[in-house]
Amino acid sequence: MKAAVIVYPGSNCDRDLAVAFERAGAEVTKVWHKDTALPAGLDIVGVPGGFSYGDYLRCGAIAAQSPITRAVIDFTHAGGHAIGICNGFQVLTETKVLPGALMRNAGLKFICKTAGLRVATTDSVFTRAYDDGQVIHLPVAHHDGNYVADPDTLKALQDQDRIAFTYTDNPNGSVADIAGVLSENRRVLGLMPHPERAVDAAHGGTDGAAMFRAIAGLVAPA
Amino acid sequence: MQEPEITEDLIAAHGLTPDEYQRIVQIIGRAPNFTELGIFSAMWNEHCSYKSSKKWLRTLPTDGPQVICGPGENAGVVDIGDGQAVVFKMESHNHPSYIEPYQGAATGVGGILRDVFTMGARPIAAMNSLSFGEKDHPKTRQLVHGVVEGIGGYGNCFGVPTVGGETRFHAAYNGNCLVNAFAAGLADADAIFYSAASGVGMPVVYLGAKTGRDGVGGATMASAEFDETIEEKRPTVQVGDPFTEKRLLEACLELMASGAVISIQDMGAAGLTCSAVEMGDKGGLGIRLNLDAVPQREDAMTAYEMMLSESQERMLMVLKPEKEDAARAIFEKWDLDFAVVGETIAEDRFLIVQGNETRADLPLSELSSAAPEYDRPWAETPPAEPLADVPQIDPIDALKALIGSPNYAAKQWVYEQYDSMVMADTVRGPGRGAGIVRVHDTGKMLAFTSDVTPRYVRANPKEGGKQAVAEAYRNLTAVGAKPLAATDNLNFGNPEKPEIMGQLVGAIKGIGAACAALDMPIVSGNVSLYNETDGVAILPTPTIGAVGLIPDEDALIDGQVREGHVALVVGETAGHLGQSALLAEVFNRADGDAPPVDLDAERRNGDFIRARRDWITACTDLSDGGLALAAFELAEAAGVGVVLHSAETHELFGEDQGRYLVACNFDQAEALMVAAGRAGVHIETVGRFGGQDVNYGGVSAPLEELSALYRTRFQDMFG
């Protein structure tokens, strides 16, 4: 499987995401933000956590305008798989690849801890390895992870079974405890928690490893 | 612009004494102009010159087979085997943080990260040691919120995990909070970069962010006491930009890998002045700077302002001329300023040119080497008053008082604001003794701790200094690490007062003795003096940051206690209650001497823990709050109750040094007892883990109730 990880100048989880993909058997290319095209023959693109362009404005707002992000949008519109983690989720909502928005945490503070997540759907490449309703534990680390969506969008997400994960103990005020959502074609996942920080026993938990194994095993080569 | 005339007032405003001014006149053979006066004041203030402490700092042990580079560079470098090195330092940003807590703390983190990557190392761990005033003091809450957010705001964005630290509260910090930031990085041992320039006519290159007027005079400000005019000093605090720092890191590491860098120095205190003088002085060269070429953020900056600006996220390098284009391309890739602003020259001159005019022309080496050095009078701290009677107290009530105090309540409100897991190598984050990160792609791990007990240092500077090092040694040992080396961040009051100087001298003597005995040389450090407001000094606070190596997973001690585990104390308990947390928090007393530190016993007990690691599931050092607090913390972390046999206040809450609490199963406990007997190590069974209560000497409370108190108190006070 071929994966690409986008590197904005302020990305700081790009290496972590690449390592998680590689551990699952993927061949990973890092793609610089000034590039205008993704590598050919790509199976999935990962938009990593961090602070893309400093995020002094709205998180992900400037990244949404960057040359490589245009290529990511096109890739998803053409049916490509993508995962946006933390800042990557913020970028994917800013670009409207995923619905909703991520606001400042309800407590107004950055929060870093391990959070309990309920697997809300197993109907996607990303969540297929889990059981429906299973509770897994992944680290969260964000200042702006408070997911909001208007009532119609929320209803659509619920009706179409596109809520991927919910928090068991909502840390940031997200509507309907939402921690991650899928695109309409179920090929793009955005989530605030960091599965790449839980792929190895030394991390204190390996609940994220199943996601990467599932991605590596189930994304068919193009 | 007309430069101001040099008057007595202007000299005093630059923090220079009349004697020091006369020395300047002697050195250059004439009166300095305004810019030159500024340059001298920047080089000769306490912060940059260590003029009050140098004599004593020289006595510290700084060598060892593991040391690649000791004090004097941007950070210390220590061998961790396999051709790799850990690069680390701790530095204070106290004065700026008190004036403007968010930016002061943020730029403190930025400065220490830059110190580390200037040496060619990628930062892999950060810690911070924070001291605030009483919880009810009107300033404290704002400082706590601002400092914690500032540290998080910078470190989280930069992308370094914050894995440990301390947060303390005491009335002595009401007028001066302390923010001590630690960073460690990883480098190849044969690819360390130093500040000494070499070669004549080499380009001096300016990298990073543009220069503005922020922080002009900051280092001088940090070398003065505070009074009621403190608010006026806000403009001397710099503003941090972690996004630029992150790009500067990546660009510098890329540039270093390209082979273009001869020498490099970050622009910290007194920015362009200090960095240029440092590079020239170490290389035995002069430097000529053309200020017109310096990237500027503001219009019409004077030479004085540019030379003293402390704008953040800037570096100065001496480059190989033939690689200049390649270097420029790397910086353009990261959208950072890159400008050739001068060159190295053969003459011993620091020549500053602006608009075709010479703004300063000074003998470079003497700017640094002729800085005054004082043998300040000091008075030995008198022996502490003897400990008065300590009444027996209900041990559970006493435990509740401790874990309900801001000093000993769980600090997750603080550390959950820091990203402790970025880089995905964190094995153990904040909140449980030493923090641990993996050395990426190897089986090795590094452990980090920061320690000091200021109450002890005040009562007995020498024993207190020893204790800070010994506690760091124990915290590293308790996770199975072999302590490698340490960095010292010495925070004291006004050294011109003999009693304060006496504290500094005593503490350094103690630190030196402990570092020598425990084989933990000091490889870097920082001194912060004049931490006084209206003549009232902080508690003497020599913070020790230390690093240990865990060679492989088998050596790591990171288990949780389980139902049925035996609780053993390694090391001798005499029941020392002088200067204890119990006295301070429960009885509001500060009498008695600090606990004595037996360095031989420290070493013996530490070696025993590491040697018998296989029989130890969980381990913690005994420090503040003694056995009672340590046993509670181990039990609470695992959600398992604990029974301690003793009901004696001095046995439960005494703070005798050299001790560890160990949890293991019965067979292992037996084996440990036998091995300890052979090794001459004192060990005793003190109780067991299990059940759902905390039971000390027959008095008990449900763990759940105590845990709720412990976990919510800090949030209730500051949230």
Side-chain angles (χ1 to χ4, degrees), chain A residues 7-20 22-23 32-35 48-57 59 62-63 85-87 105 107-115 138-144 171-172 193-205 208-209, chain B residues 122-123 145 148-163 240-251 332-336 412-431 436-438 440-441 443 445 553 556 558 560 715 718-719:
Chain A
V7 183
Y8 299 110
S11 295
N12 60 29
C13 303
D14 45 323
R15 183 189 78 180
D16 310 349
L17 182 55
V19 168
E22 280 164 1
R23 280 180 64 97
W32 183 237
H33 69 112
K34 290 180 186 173
D35 291 351
F51 290 72
S52 45
Y53 291 85
D55 288 344
Y56 295 120
L57 187 61
C59 295
I62 294 178
I85 300 169
C86 198
N87 191 223
N105 293 345
L108 305 180
K109 302 278 188 195
F110 189 96
I111 183 149
C112 174
K113 63 179 183 183
T114 296
L138 298 179
V140 293
H142 56 250
H143 210 160
D144 299 77
N172 54 28
H194 287 271
E196 81 282 13
R197 296 187 187 182
V199 296
D200 188 326
H203 291 147
Chain B
R122 178 177 288 278
H145 276 258
V148 171
E149 275 180 45
I151 289 170
Y154 207 100
N156 298 347
C157 177
F158 179 84
V160 64
T162 298
V163 299
D241 175 2
F243 173 59
T244 295
E245 178 114 326
K246 161 77 174 161
R247 290 180 292 145
L248 190 59
L249 159 76
E250 300 296 346
E332 280 169 1
K333 171 185 164 189
W334 289 95
D335 297 312
L336 290 163
Q412 78 272 22
W413 183 88
V414 174
Y415 61 74
E416 284 180 0
Q417 294 187 51
Y418 308 145
D419 192 335
S420 54
M421 298 183 255
V422 62
M423 299 185 91
D425 278 318
T426 301
V427 173
R428 178 147 117 160
I436 304 170
V437 302
R438 293 187 295 197
H440 194 67
D441 255 349
M445 286 165 260
E553 211 173 307
L556 171 68
D558 189 31
Q560 296 270 28
Q715 159 92 30
F718 292 100

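The shown structure was predicted, so the numbers you read here are calculated from the model rather than taken from an experiment. All chains are named by letter (A, B, ...) in the order of the sequence lines, taking the proteins before the strands, and each is independently numbered beginning at 1.
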The test is side-chain contact (heavy atoms from CB on, under 4.5 Å); show your working for H145(B) and K109(A) and say whether it passes. CA-CA 10 Å; H145(B) 276 258; K109(A) 302 278 188 195; 2.7 Å; yes
Might you work through the side-chain contact (heavy atoms from CB on, under 4.5 Å) test for D335(B) and K34(A), ending with a clear yes or no?
CA-CA 11 Å; D335(B) 297 312; K34(A) 290 180 186 173; 3.2 Å; yes
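Shown here for S420(B) and C112(A), the closest heavy-atom pair between the two residues is N-SG, 3.4 Å. Nearest heavy-atom pair, N156(B) versus N12(A), reported as atom, atom and distance to 0.1 Å: O-ND2, 3.1 Å. Nearest heavy-atom pair across S11(A) and K246(B) is O-CE, 3.1 Å. Closest approach of D16(A) to V422(B), counting heavy atoms only: OD2-C, 4.0 Å. Scanning all heavy atoms of the two residues, the minimum distance from Y56(A) to P242(B) falls at OH-CD, 3.0 Å. In this structure, F243(B) and P9(A) approach most closely via the heavy-atom pair CZ-CG, 3.8 Å.
Contacts of Y53(A) with chain B are made by both backbone and side-chain atoms, with heavy-atom separations under 4.5 Å. For a residue to count as touching a neighbouring chain, one of its non-hydrogen atoms must lie under 4.5 Å from one of that chain's; by this rule E149(B) touches chain A with the side chain only. With a 4.5 Å cut-off on non-hydrogen atoms, D241(B) touches chain A through its backbone and its side chain both. Neither the backbone nor the side chain of V199(A) comes within contact range of chain B; no heavy atoms are under 4.5 Å apart. Interface remark: D200(A) contributes side-chain atoms only to the contact with chain B (heavy atom separation under 4.5 Å). For chain A, the nearby part of T426(B) is the backbone; its heavy atoms alone come within less than 4.5 Å.
Most heavy-atom pairs under 4.5 Å with chain A, from the set R438(B), H440(B), Q412(B), E553(B): that is H440(B). For the options E250(B), R247(B), K333(B), heavy-atom pairs under 4.5 Å to chain A are most numerous at K333(B). The candidate with the highest count of non-hydrogen atom pairs below 4.5 Å against chain A, out of D441(B), V427(B), V160(B), T244(B), is V427(B).
Under the 4.0 Å criterion applied to side-chain N and carboxylate O atoms, K113(A) and D419(B) are not assigned as salt-bridge partners. For R197(A) and D425(B), the salt-bridge test fails: no basic side-chain N is under 4.0 Å from an acidic carboxylate O.
Remark: side-chain polar atoms of R15(A) are paired, donor with acceptor, to backbone N or O of M423(B) under 3.5 angstrom. Listed for the H203(A) side chain is a donor-acceptor partner under 3.5 Å among the backbone atoms of A424(B).
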